[in-house]
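In what follows, a single structure is set out as structure tokens and then discussed.
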There are 2 protein chains.
Amino acid sequence: MVNSKIDISTEQKILAAAKKVFLSKGMAGARMQDIANEAGINKAMLHYYFRSKEKLFEVIFFEAAQKLFPTINLIFESDMSLFEKIENFAEQYITMMSENPYLPLFVLNEVSKGPEVFIRKIWSKQSGPHPQKFLAQIEKEIKKGNIKKISPLHLLINLISATIFPFVAKPMIQFTLGLDELQFKNVMEQRKKEVAKLIIDSIKR
Amino acid sequence: MVNSKIDISTEQKILAAAKKVFLSKGMAGARMQDIANEAGINKAMLHYYFRSKEKLFEVIFFEAAQKLFPTINLIFESDMSLFEKIENFAEQYITMMSENPYLPLFVLNEVSKGPEVFIRKIWSKQSGPHPQKFLAQIEKEIKKGNIKKISPLHLLINLISATIFPFVAKPMIQFTLGLDELQFKNVMEQRKKEVAKLIIDSIKR
DNA sequence: ATACAATTTAACCAAATGGTTGACAAAGAT
DNA sequence: ATCTTTGTCAACCATTTGGTTAAATTGTAT
């Protein structure tokens, strides 16, 4: 009766399988049977450990969101210099995405389709992005005359666009330019410095 | 028996409804009944005019792809100067996306999920993007010493990232920054010049 | 050992979903 | 007028899909 030693292995197998299936097919395209097959277990187990498809999806979705946003916030809210933040953001984010290429498109897509209730849940848990401190820092640097007068808003959008978009458009970029997995990874590796250079050069006086 | 005057109105109603539903819910999330309701007609009509969900989806998908890619190609393959191309691309693309905000995420998402057969069909129809001439032009300008020595590949990726990403991440940007529809549209309007400036400044010597 | 709780499975079930059918109305063509 | 083609619909069908159940198996504390 003590909760004692629930075999964590099955639950983990389900989570791993669900992550794989949801990330590649999305909530609407994923089938519970797919997840069960992928995990090599009976479909009923999915409902035993997680009550419904929606609940299971939420777990995976928040896990994904946690991986995406706190990274931004940790960097944006640290007390690094502006240039250091830009360099760190490009570096860390591209590293993370290289290891989880499906993540950004998955989250972006579900956020855009999902009902607002999801979005509110993320933000209310402080898991959403908080770029305010970063924006304020930019304004301060402008006032101090350390960087060019640019719109902080567009600077932020430029940075995240240049960093994230290549992964959202990965299959299309690969096909259009004829890059295999390794080549794509190399290009993204170069991009860590390329993005930092692009953004920093655009504000350096 | 002559094909004479098929009432085009019903077919158009279906196409408009299908576009709306597919673009907002995606292939997997869309229901035939939704489309019929949206069009205000009987579900059987969908199968009368288009044979199956897949066929109907393909029509909408290619229509969407046609709207996205030929725009790129027309600009990239014209004989404008490099700077003009960059300015024109940002301008025209942002205009088009402001009118069809769901388009980029829809296409990107379906391309990433869809089987390769889709992708090949697009490219084989010359509907896919062909940035080769643009890339060659960049190299030429570098050799002529007109612009800085940068990677043409990253320049291209920077340009399309800065242009397209804000629309892919629209709901998230809106929520994070608290922008309503009008404010978002205004920011995107500013971006036409902001993007051109960012990219051109990064290569101007 | 034995009782009791936790885990796992095969078989089911009801609702949803893509697709079909047959009757019927509208519109031309003869 | 009537015959034929085209367009429309309500009802229906087969399969898929998320979810349930009851029985069996495994683990655990006494």
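Residue numbers start from 1 in every chain, and the chains themselves are labelled A, B, ... in the order their sequence lines are given, proteins ahead of strands. Note that the structure is predicted; figures quoted are calculated from it, not measured.
Taking the six-membered ring for Trp and the full ring otherwise, A/F57 and A/F50 have centroids separated by 6.0 Å or more.
For the pair B/M27 CE and C/dG18 P, the interatomic distance rounds to 9 Å; values are reported in whole Å. Rounded to an integer number of Å, the gap from B/L46 CG to D/dC9 C1' is 13 Å. The NZ atom of A/K13 sits 8 Å away from the P atom of C/dT9 (whole-angstrom rounding). Whole-Å rounding puts the B/M45 CE to C/dT21 C1' distance at 12 Å. The distance from atom NE2 of A/H47 to atom P of D/dT17 is 13 Å, rounded to the nearest whole Å. Rounded to whole angstrom, the span from the CG atom of B/L56 across to the P atom of C/dG19 amounts to 10 Å. As a whole-Å value, the separation of A/N42 CG from D/dA22 P is 16 Å. The distance from atom CD1 of A/I41 to atom P of D/dT26 is 17 Å, rounded to the nearest whole Å.
Rounded to the nearest 0.5 angstrom, A/E91 CD and A/I75 CD1 are separated by 9.5 Å. Between the CZ atom in A/F167 and the NZ atom in A/K170 there is a gap of 8.5 Å [rounded to 0.5 Å].
Between D/dC9, C/dT8, D/dT20, one nucleotide has an atom nearer to the side chain of A/Y48 than all others, and that is C/dT8. Comparing C/dT8, C/dT17, D/dG19 by their closest approach to the side chain of A/K53 singles out D/dG19. Here the side chain of A/K43 is nearest to one of D/dT8, C/dG19, D/dG19, namely D/dG19. In this structure, of C/dA10, C/dT20, C/dG19, it is C/dT20 that holds the atom nearest to the side chain of B/A44.
Contact annotation: B/Y49 reaches the phosphate of D/dT8 (side-chain N/O to OP1 or OP2, under 4.0 Å). Contact annotation: B/T10 side-chain N/O to D/dG7 OP1/OP2 distance is not under 4.0 Å. Within the 4.0 Å cut-off from OP1 or OP2 of C/dG19, not a single side-chain nitrogen or oxygen of B/R51 is found. Contact between the side-chain N/O atoms of A/R31 and the OP1/OP2 oxygens of D/dG18 is found at a separation under 4.0 Å.
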*Check the pair B/F106, B/F22 against ring pair (Phe, Tyr, Trp, His ring centres under 6.0 Å), reporting the backbone distance first and the verdict last.*
CA-CA 8 Å; B/F106 168 71; B/F22 276 132; 7.3 Å; no

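Across all strands shown, A/A30 has heavy atoms under 4.0 Å from sugar-phosphate atoms exclusively, and none from any base. Here A/M32 lies in heavy-atom contact (under 4.0 Å) with sugar-phosphate atoms only.
In summary, A/E38 and A/K19 do not engage in a salt bridge, as defined by a charged side-chain N under 4.0 Å from a carboxylate O.
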